[in-house]
Amino acid sequence: MQPRPSTITAVLACAQPVLRIIKNAGHEGRLVGGCVRDALLNHTTSDIDIAIDVPPEQTIDIFKITGLKVIPTGLVHGTVTVIHNETPFEITSLRQDVATDGRHAIVKFTKSWEADAARRDFTINALYANDRGQIFDYFDGQADLVRGIVRFIGDPQARISEDNLRILRFYRFALGFSRADENGFFELDEPSLKAVHENVKLLRNLSKERIQSELFKILENPSVIKILHIMPNVFETLFNRPPDLMLGRKLMSISNSFSRKLNCRSVPLLNLFAIYPQNVMGIECSLKLSREQVKFLRAVSEMKDISFSTTNLLAIRIKYGDDIARGWADVRTAMGDMLPVESFDSIVPQFP
């Protein structure tokens with residue numbers, strides 16, 4: 001999907017036809033969450049989510065009579081996807097959590113916008129905008145955006161107990177929206193950070209798929225090195241041994257990284273390998289890796305001690321392909337080999 005324009009006005013222009021249908025039916029829809037947050041920061045956004053004040057079955061009825069395609073993507077949680085001009089809009093009914101177990105929630109639908117906001121994770125994700133661009137902010141999310149602070153809504157312990165994945169989401173959103181101090185490290189909300197540390201073992205309740213998805217979003221962030229110093233207990237919980245952050249820090253600080261510069265798909269896995277270069281089996285057992293990812297991990301591990309040369313790079317590239325060759329070159333750089341400053345493709349010309 002193409003990124004949306006920034007600013008509330010531009011995002012509203014994309015969503016206005018859908019919001020108008022809701023309004024003409026006698027109900028209210030508001031932009032919600034990330035699209036509002038990003039627009040306030042003048043960031044582009046890829047998804048436009050809408051909250052609506054009716055149950056999902058009624059949402060379906062509202063849009064079906066218009067002839068638009070309606071997909072019941074998550075009725076139990078109130079979510080319906082509407083396709084307008086080939087663009088999907090996720091429309092979710094206002095809801096409250098009735099019961100949670102750290103992984104799933106039983107919800108009931110409500111008419112209260114504030115109750116819907118209260119069940120969300122962070123203040124910066126609980127922002128709404130109506131069809132006129134008026135912002136509804138129930139928990140001072142706009143102030144936190146300005147301050148560069150990621151803060152749980154209400155009691156951090158309660159928010160984490162509702163969904164244990166919020167432990168990892170805290171680090172991911174901190175990377176994206178926190179402000180760095182004079183030393184280049186992110187300033188973090190102390191009560192939120194304390195709750196995350198105290199509950200880190202709850203990550204073991206989550207599926208491998210959910211952990212991997214969220215962890216990789218953290219590890220692919222170019223600024224991840226700025227938050228590693230407060231995450232050792234996260235890695236130890238997930239992989240059953242303390243991380244060795246020395247190689248990881250070196251790898252993540254390589255300004256001319258072949259993998260990052262050329263958008264290597266395996267950057268998160270490469271960063272994880274650098275934290276656990278002697279624990280490849282542990283990584284495989286703890287995550288739900290694809291065959292391609294396992295191949296990458298094992299190949300880089302097997303070749304990590306092969307010193308850099310253009311001849312070795314060419315041989316590895318021919319045998320394993322670009323991603324593995326780039327990953328290996330980055331590992332060797334982090335381990336002390338002096339690689340040329342040229343780009344990867346200028347070192348080894350393209351081959352048939």
Side-chain angles (χ1 to χ4, degrees), residues 3 43-44 46 168-169 171-178 180 184 186 208-232 234-235 238-239 243-280 282-284 286-304 306 308 313 316-317 319-337 339-348:
H43 295 173
T44 56
S46 57
L168 291 179
R169 284 174 62 82
Y171 291 109
R172 175 161 72 89
F173 281 93
L175 276 170
F177 299 98
S178 293
F186 290 118
K208 294 179 180 181
E209 291 85 352
R210 294 188 76 198
I211 288 172
Q212 180 172 321
S213 175
E214 203 67 34
L215 183 63
F216 276 22
K217 290 174 185 176
I218 296 170
L219 291 170
E220 71 186 4
N221 189 308
S223 299
V224 64
I225 191 172
K226 297 179 182 179
I227 210 167
L228 281 182
H229 65 291
I230 59 172
M231 290 188 68
V234 172
F235 292 110
L238 294 177
F239 300 102
D244 180 357
L245 299 181
M246 184 176 297
L247 181 60
R249 288 193 179 101
K250 290 179 179 178
L251 181 74
M252 296 171 199
S253 66
I254 297 173
S255 60
N256 196 35
S257 164
F258 295 124
S259 299
R260 289 202 302 269
K261 189 174 181 181
L262 298 175
N263 297 317
C264 173
R265 292 168 296 172
S266 301
V267 166
L269 193 57
L270 183 65
N271 286 340
L272 185 56
F273 166 77
I275 294 172
Y276 284 108
Q278 309 300 330
N279 192 27
V280 168
I283 295 173
E284 291 183 26
S286 300
L287 301 178
K288 189 73 172 179
L289 301 180
S290 67
R291 290 181 181 179
E292 182 179 3
Q293 289 171 324
V294 169
K295 177 183 176 182
F296 175 90
L297 190 62
R298 292 179 180 179
V300 172
S301 176
E302 291 169 3
M303 298 182 298
K304 70 178 185 297
I306 298 176
F308 179 83
L313 177 57
I316 292 170
R317 190 180 189 189
K319 183 175 181 179
Y320 292 105
D322 282 1
D323 272 10
I324 290 174
R326 288 168 180 153
W328 167 78
D330 279 343
V331 169
R332 288 308 311 169
T333 304
M335 295 180 75
D337 269 358
L339 271 62
V341 296
E342 300 94 336
S343 72
F344 180 88
D345 287 312
S346 67
I347 295 174
V348 182

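Note that these values count all heavy atoms, side chains included, but never hydrogens, waters or copies made by symmetry. This one's a predicted model, so the numbers in the text were calculated from it and none came from an experiment.
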Requested in this report: List the steps and the verdict of side chain to side chain contact (heavy atoms under 4.5 Å, CB included) for Tyr276 and Val280.
Outcome: CA-CA 7 Å; Tyr276 284 108; Val280 168; over 6 Å; no

When Asp322, Asp323, Asp330 are each screened for side chain to side chain donor-acceptor pair (under 3.5 Å) with Ser259, the one that passes is Asp330

Sorted by chain and residue number, the salt bridge (Lys or Arg N to Asp or Glu O under 4.0 Å) partners of Glu214 (sequence neighbours excluded) come out as Arg172

Between Phe186 and Lys226 the two heavy atoms that sit nearest each other are CE1-CB, 3.7 Å

To the nearest 0.5 Å, atom CG of Leu219 lies from atom CG of Leu228 at 8.0 Å

Stepwise side chain to side chain contact (heavy atoms under 4.5 Å, CB included) test for Leu269 and Leu289:
CA-CA 10 Å; Leu269 193 57; Leu289 301 180; 4.2 Å; yes

On a heavy-atom basis, the closest approach of Pro277 and Lys304 is O-CE, 4.2 Å

For Asp337, the salt bridge (Lys or Arg N to Asp or Glu O under 4.0 Å) test, sequence neighbours excluded, returns Arg332

Residues at least two apart in sequence or cross-chain that pass side-chain hydrogen bond (donor to acceptor under 3.5 Å, both in side chains) with Glu292, listed by chain then number, are Arg265

Nearest heavy-atom contact between Ala274 and Leu247 is O-CB, 3.5 Å

By salt bridge (Lys or Arg N to Asp or Glu O under 4.0 Å), Arg298 pairs with (sequence neighbours left out) Glu284

For Ile225, the side chain to side chain contact (heavy atoms under 4.5 Å, CB included) test, sequence neighbours excluded, returns Arg249, Met252, Ser253

One should read off an interatomic distance between Arg326 CZ and Leu313 CG, to the nearest 0.5 angstrom, of 10.0 Å

By side chain to side chain contact (heavy atoms under 4.5 Å, CB included), Ser286 pairs with (sequence neighbours left out) Phe239

**Asked** Just by modelled atom types, is the Ala329 backbone N or O under 3.5 Å from a matching donor or acceptor in the Thr333 side chain?
**Response** yes

Residue set satisfying ring-ring contact (aromatic ring centres under 6.0 Å, His included) with Phe216, at least two apart, ordered chain then number -> none

One should read off an interatomic distance between Leu297 CG and Leu287 CG, to the nearest 0.5 angstrom, of 9.5 Å

The side-chain hydrogen bond (donor to acceptor under 3.5 Å, both in side chains) partners of Ser290 (sequence neighbours excluded) come to Gln293

So NZ of Lys217 and CG of Leu175: to nearest 0.5 Å the spacing works out to 13.0 Å

Sequence neighbours excluded, the answer for side chain to side chain contact (heavy atoms under 4.5 Å, CB included) partners of Ala299 is Met303, Tyr320, Ile324

CG (Leu270) and CG (Leu251) are apart, to the nearest 0.5 Å, by 5.0 Å

With sequence neighbours left out, the residues meeting ring-ring contact (aromatic ring centres under 6.0 Å, His included) with Phe235 are none

So do Ile275 and Leu245 actually touch side chain to side chain, heavy atoms under 4.5 Å? yes

Taken in chain and number order and not counting sequence neighbours, the residues that satisfy side-chain hydrogen bond (donor to acceptor under 3.5 Å, both in side chains) with Asn271 are none

One should read off an interatomic distance between Ser301 OG and Asn279 CG, to the nearest 0.5 angstrom, of 10.0 Å

Sorted by chain and number, sequence neighbours left out, side chain to side chain contact (heavy atoms under 4.5 Å, CB included) with Lys208 holds for Lys288

- Answer whether the closest heavy-atom distance between the side chains of Tyr171 and Val224 falls below 4.5 Å. no

